[in-house]
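For reference, positions follow the sequence shown, starting with 1. In this text, all values refer to a predicted model and were calculated from it rather than measured experimentally. Basis for what follows: all heavy atoms, side chains included, without hydrogens, waters or symmetry-related copies.
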Amino acid sequence: MSSILHAAAVLLLHLLLTTMFCVGIRTIGGGDGLGFGFSEAPDYRNGVECPVSVNKELVSSCDPSLVHVAMTLDSEYLRGSIAAVHSVLRQASCPENIFFHFIAAEFDPASPRVLSKLVRSTFPSLNFKIYIFREDTVINLISSSTRQALEHPLNYARNYLGDILYLCVDRVIYLDSDLVVVDDILKLWKTTLTNSRVIGAPEYCHANFTKYLTDGFWYDPVISRVFQSRKPCYFNTGVMVMDLVRWREGNYRKRIENWMEIQRKRRIYELGSLPPFLLVFAGNVEAVDHRWNQHGLGGDNVRDSCRSLHPGPVSLLHWSGKGKPWVRLDARKPCPLDHLWEPYDLYKSSLVKDQSSSTTSIFLGFSSYLL
């Protein structure tokens with residue numbers, strides 16, 4: 001445990017020191033009735049070793065030199081999404097070669113125009129496009145879950161990336177909105193998907209896989225046969241490398257929808273958008289190093305509990321679960337690891353507040369692990 005806390009403390013020290021020396025940050029007002037704003041992020045630029053874009057003046061999403069990242073964007077999780085984007089850019093060796101594909105809900109209180117304006121004002125040089133996700137695409141396939149937030153149609157947008165993104169985008173990294181990247185995302189992008197695998201993600205084969213599906217599934221001799229020829233392992237869908245060429249060719253969107261249709265007729269799982277992915281892919285996932293998804297930091301879906309880091313190095317921190325770091329920080333009831341998210345937060349003037357007092361108070365809690 002002490003080694004894990006020491007690693008967290010060192011990571012926190014690095015984040016805080018780099019934050020203290022950030023320059024060129026100014027506050028952007030959140031107009032258009034949203035009632036909040038974000039600080040403009042520093043202008044992160046490529047190093048000399050980065051690939052040169054085909055068209056320097058106007059970057060196209062079809063440019064082969066780009067790293068593609070897909071995320072959802074909505075008013076409820078906007079603060080988390082902005083922090084996630086900021087973390088990707090800040091740690092990237094070639095930030096100008098990253099293209100963000102944002103999927104926005106059709107009926108969100110913040111319109112795509114408002115979201116686009118806010119993203120552009122926060123990241124003036126960011127390469128991005130916003131797509132509108134039509135909720136009626138999936139609304140009739142969604143069944144009730146253990147937590148109402150898991151029933152939001154936007155949670156299922158990842159199922160449709162092969163249809164939403166341009167055909168020239170043949171590969172994408174999907175990221176949830178409640179995470180921060182603390183390593184160069186190019187390393188994740190270079191993941192090789194072997195043996196015609198469609199997705200890559202950290203696997204957790206020690207987890208009790210049976211709990212993600214109901215007894216009604218496991219006791220059915222027909223549908224449970226889906227795992228007869230593969231050894232399923234749990235994986236978290238919040239961080240995935242996806243081969244969209246293979247996805248489209250295999251019509252994996254329809255395969256996922258088929259399981260959702262079965263779920264509507266008979267209860268075979270409880271946890272929203274995750275189980276259909278497990279049913280289609282578990283046991284046939286390219287295993288990515290666990291460092292790329294230190295998940296569960298939000299606690300479980302029943303109690304807003306604090307979690308510690310898993311053993312080993314960290315490249316991505318993920319607050320999956322009920323608790324979100326920005327909510328707990330605002331309530332002044334943060335978990336210790338929430339402070340690792342805080343340096344990426346651009347909400348209002350959070351990056352230009354008095355650094356000395358907040359930094360000192362945080363260091364006091366970790367001081368014994370920095371020795």
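- Between the side chains of Gln91 and Tyr44, not a single donor N or O lies within less than 3.5 Å of an accepting N or O.
- Between Ser125 atom OG and Leu89 atom CG the span is 7.5 Å, to the nearest 0.5 Å.
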Given the rule in the side chain to side chain contact (heavy atoms under 4.5 Å, CB included) test, do Leu329 and His339 qualify, once you have shown the distances and angles that lead to the verdict? CA-CA 8 Å; Leu329 286 163; His339 292 297; 4.0 Å; yes

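- Atom CD1 in Ile164 sits 9.0 Å away from atom OH in Tyr131 (nearest 0.5 Å).
- A salt bridge does not link Glu270 to Lys211: none of the charged side-chain nitrogens sits closer than 4.0 Å to a carboxylate oxygen.
- Within the 4.5 Å cutoff, the side chain of His86 has heavy atoms near those of the Pro42 side chain.
- Of all non-hydrogen atoms in Thr72 and Ser177, the two that sit nearest each other are O-OG, 3.4 Å.
- Judged purely by atom type and a 3.5 angstrom limit, Arg171 has no side-chain atom pairing as donor or acceptor with the backbone of Val241.
- Residues Glu257 and Leu141 meet the side-chain proximity criterion, which asks for heavy atoms closer than 4.5 Å.
- Counting non-hydrogen atoms of neighbouring residues, nucleotides and ligands closer than 6.0 angstrom, the NZ atom of Lys231 reaches no more than 12 such neighbours.
- Closest heavy-atom contact between Pro276 and Ile256: CB-CG2, 3.7 Å.
- A salt bridge is defined here as a Lys NZ or Arg NE, NH1 or NH2 lying under 4.0 Å from an Asp or Glu carboxylate O, and Glu261 with Lys265 fails to meet this definition.
- Aromatic ring orientation, Tyr160 versus Phe133: tilted (interplanar angle from 30° to 60°).
- With a 4.5 Å cut-off on side-chain heavy atoms, Tyr156 and Thr137 do not count as touching.
- Put simply, the side chain of Thr122 never gets that close to the backbone of Glu40: no donor and acceptor are under 3.5 Å apart.
- Residues forming a side-chain contact (heavy atoms from CB on, under 4.5 Å) with Ala105 (at least two apart in sequence, or on another chain): Asp108, Glu135, His152, Leu154.
- Taking the side chain as every heavy atom from C-beta outward, Phe217 and Ile262 never approach each other to under 4.5 Å.
- Remark: side-chain polar atoms of Lys324 are paired, donor with acceptor, to backbone N or O of Trp319 under 3.5 angstrom.
- Panel note: side chain Arg255, backbone Gly250; a donor-acceptor pair is recorded below 3.5 Å.
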Show your reasoning for whether side chain to side chain contact (heavy atoms under 4.5 Å, CB included) applies to Arg246 and Leu193. CA-CA 11 Å; Arg246 295 172 184 171; Leu193 300 180; 3.7 Å; yes

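- In terms of the side-chain contact (heavy atoms from CB on, under 4.5 Å) criterion, Ser229 has no residue partners (sequence neighbours excluded).
- Of the possible polar contacts, one joining the Ser87 side chain to the Val181 backbone as a donor-acceptor pair under 3.5 Å is found.
- Hydrophobic clustering keeps Val245 apart from Val69 (ILVMFWY residues linked when any side-chain heavy atoms are closer than 4.5 Å, directly or through intermediates).
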Between Leu279 and Ile223, does the side chain to side chain contact (heavy atoms under 4.5 Å, CB included) criterion hold? Intermediate values first, please. CA-CA 10 Å; Leu279 286 160; Ile223 60 175; over 6 Å; no

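- A donor-acceptor pair is defined here as one N or O able to donate and one able to accept, closer than 3.5 Å; such a pair exists between the side chain of Asp338 and the backbone of Cys335.
- A donor-acceptor distance shorter than 3.5 angstrom exists from the side chain of Arg248 to the backbone of Gly162, with no hydrogens or angles considered.
- Side-chain contact between Leu244 and His68 is absent, with no heavy-atom pair separated by less than 4.5 Å.
- Here the side chain of Asp220 pairs a donor or acceptor atom with the backbone of Val222 at under 3.5 angstrom.
- Between Asp345 and Arg79 there is a salt bridge, with a side-chain nitrogen of the basic residue lying less than 4.0 Å from a carboxylate oxygen of the acidic one.
- Contact check on Lys187 versus Asp289 returns no salt bridge, with no Lys/Arg side-chain nitrogen under 4.0 Å from an Asp/Glu carboxylate oxygen.
- Although no hydrogens or angles enter the test, the distance criterion places a donor-acceptor pair under 3.5 Å between the side chain of Ser60 and the main chain of Cys62.
- Ring geometry for His310 against Tyr204 counts as tilted: the plane angle lies between 30° and 60°, on a 0 to 90° scale.
- Checked by atom type and distance alone, the side chain of Asn127 pairs as donor or acceptor with a backbone atom of Glu96 at under 3.5 Å.
- Considering every non-hydrogen atom in both Arg158 and Gly238, the closest pair reads NH1-N, 3.9 Å.
- In this structure, the side chains of Trp189 and Leu186 come closer than 4.5 Å at one or more pairs of heavy atoms.
- Between Asn208 atom CG and Tyr234 atom OH the span is 12.5 Å, to the nearest 0.5 Å.
- Once rounded to the nearest 0.5 Å, the distance linking CD1 of Ile82 with OG of Ser39 reads 11.0 Å.
- Note that CD1 of Ile173 is 9.5 Å distant from CZ of Phe100, once rounded to the nearest 0.5 Å.
- Side chains of Phe281 and Phe235 form a contact here, defined as non-hydrogen atoms less than 4.5 Å apart.
- The two residues Gln294 and Gly312 come nearest to each other via the heavy atoms NE2-O, 4.2 Å.
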Under the criterion side chain to side chain contact (heavy atoms under 4.5 Å, CB included), I'd like the reasoning laid out for Tyr252 against Phe277: C-alpha separation, chi angles, the key distance, then a yes or no. CA-CA 10 Å; Tyr252 283 92; Phe277 259 86; over 6 Å; no

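- When all heavy atoms of Phe102 and Val119 are compared, the closest pair comes out as CE1-CG1, 4.0 Å.
- Summarising the geometry of Leu115 relative to Ala104, their closest heavy-atom pair is CD1-CB, 4.0 Å, with the distance given to 0.1 Å.
- Under the 4.5 Å side-chain criterion, counting only non-hydrogen atoms from C-beta, Leu73 is in contact with Leu78.
- In this structure, CG in Leu337 is found 4.5 Å from CG in Leu309, a value given to the nearest 0.5 Å.
- For CZ of Arg134, the number of neighbouring non-hydrogen atoms (other residues, nucleotides, ligands) closer than 6.0 Å is 12 at most.
- Residues Tyr269 and Trp218 share a single hydrophobic cluster, defined by chaining ILVMFWY side chains whose heavy atoms lie under 4.5 Å apart.
- Enclosure of atom CD1 in Ile132 is not indicated, since only 12 or fewer non-hydrogen atoms of other residues, nucleotides or ligands lie within 6.0 angstrom.
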